[in-house]
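Every chain is numbered from 1 and lettered A, B, ... according to where its sequence line falls, protein lines coming before strand lines.
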Amino acid sequence: DAGITQSPRHKVTETGTPVTLRCHQTENHRYMYWYRQDPGHGLRLIHYSYGVKDTDKGEVSDGYSVSRSKTEDFLLTLESATSSQTSVYFCAIRLTRDLNSPLHFGNGTRLTVT
Amino acid sequence: QQQVKQSPQSLIVQKGGISIINCAYENTAFDYFPWYQQFPGKGPALLIAIRPDVSEKKEGRFTISFNKSAKQFSLHIMDSQPGDSATYFCAASIKTGANNLFFGTGTRLTVIP
């Protein structure tokens with residue numbers, strides 16, 4: 001898993017509550033990504049980061065925010081969780097600065113919003 | 001708009017058979033085509049990748065065939081094994097920025113013993 005730790009691995013929360021997912025890497029890789037995975041949709045990019053405090057939106061960013069205050073941690077926050085945000089969330093890193101190098105994924109966080 | 005279209009959505013193959021997953025794209029600027037394999041409870045992991053200057057790449061039982069003129073590429077798994085049962089994602093990449101990798105919707109492969 002290339003030194004990526006996602007926490008928590010599972011979470012159940014209620015509609016309307018804020019939720020924060022954490023992605024931690026053990027090396028100083030520049031690029032970090034948050035994806036969600038849903039049946040029939042594959043992997044969709046939520047937000048990504050290209051350095052400390054440098055983040056940008058992906059294709060499904062509504063209802064999500066991110067922060068990267070230090071290189072090793074990339075946090076994903078659901079400001080007010082909704083049932084449509086029930087999903088499996090994956091963090092990924094790019095191990096080199098080559099933008100055509102592959103991504104390496106964590107093992108995911110399964111989030112259920114009731 | 002789906003940048004990379006993948007089919008089939010699911011596939012059942014007998015042990016020893018050939019599994020074939022197809023992908024198509026429109027953007028001719030894509031210049032890197034990786035395939036990812038995902039087992040239940042795990043994140044996707046790079047399986048094999050190809051660049052458009054070659055028509056085929058083989059690694060063990062896994063082969064990517066690439067047709068640049070048709071803008072299609074496919075994954076062939078020869079002598080499929082039950083341990084190959086997983087979800088497979090094709091992807092395409094363009095070297096223009098950090099948000100540059102586009103995934104297909106995935107194929108769930110089941111190999112029957």
>> Does either side chain, that of A/Thr77 or that of A/Thr20, offer a donor lying less than 3.5 Å from an acceptor on the other one?
In response: yes
>> Using heavy-atom distances under 4.5 Å, tell me whether A/Arg94 contacts chain B through its side chain, its backbone, both, or neither.
In response: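 Contact with chain B is through the side chain of A/Arg94 alone.
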> Of the backbone (N, CA, C, O) and the side chain (C-beta and beyond), which part of A/Arg9 lies under 4.5 Å from a heavy atom of chain B, both, or neither?
Replying inline: side chain
Between [X] and chain A, with a heavy-atom cut-off of 4.5 Å, which part of the residue counts as in contact: side chain, backbone, both or neither?
{"X": "B/Arg51", "value": "side chain"}
{"X": "B/Pro34", "value": "neither"}
{"X": "B/Gln6", "value": "neither"}

> How about residues 35-45 of chain A versus chain B: which residues have heavy atoms under 4.5 Å apart?
Replying inline: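 A/Tyr35, A/Gln37, A/Gly40, A/His41, A/Gly42, A/Leu43, A/Leu45 fall under the 4.5 Å cut-off.
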> Using the benzene-type ring in the case of Trp, are the ring centres of B/Phe102 and B/Phe30 under 6.0 Å apart?
Replying inline: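 Yes; B/Phe30 has its ring centre under 6.0 Å from that of B/Phe102.
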>> Taking the six-membered ring for Trp, are A/Tyr64 and A/Trp34 closer than 6.0 Å centroid to centroid?
In response: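 A/Tyr64 vs A/Trp34: aromatic centres not under 6.0 Å.
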> Tell me the disulfide (SG to SG under 2.5 Å) pairs involving residues 66-114 of chain A, sequence neighbours left out?
Replying inline: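 Residue pairs passing disulfide (SG to SG under 2.5 Å), neighbours aside: A/Cys23-A/Cys91.
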>> Enumerate the disulfide (SG to SG under 2.5 Å) contacts for residues 6-113 of chain B, please, sequence neighbours excluded, ordered by first and then second residue.
In response: B/Cys23-B/Cys90
>> Among B/Tyr88, B/Phe103, B/Phe62, which residue satisfies the ring-ring contact (aromatic ring centres under 6.0 Å, His included) criterion with B/Tyr36?
In response: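 Of B/Tyr88, B/Phe103, B/Phe62, ring-ring contact (aromatic ring centres under 6.0 Å, His included) with B/Tyr36 is met by B/Phe103 alone.
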> By the rule that ILVMFWY residues connect when side-chain heavy atoms come within less than 4.5 angstrom, directly or transitively, which residues belong alongside B/Ile112?
Replying inline: B/Ile12
>> For A/Asp73, is there an ion pair with A/Arg22 - N to carboxylate O distance below 4.0 angstrom?
In response: yes
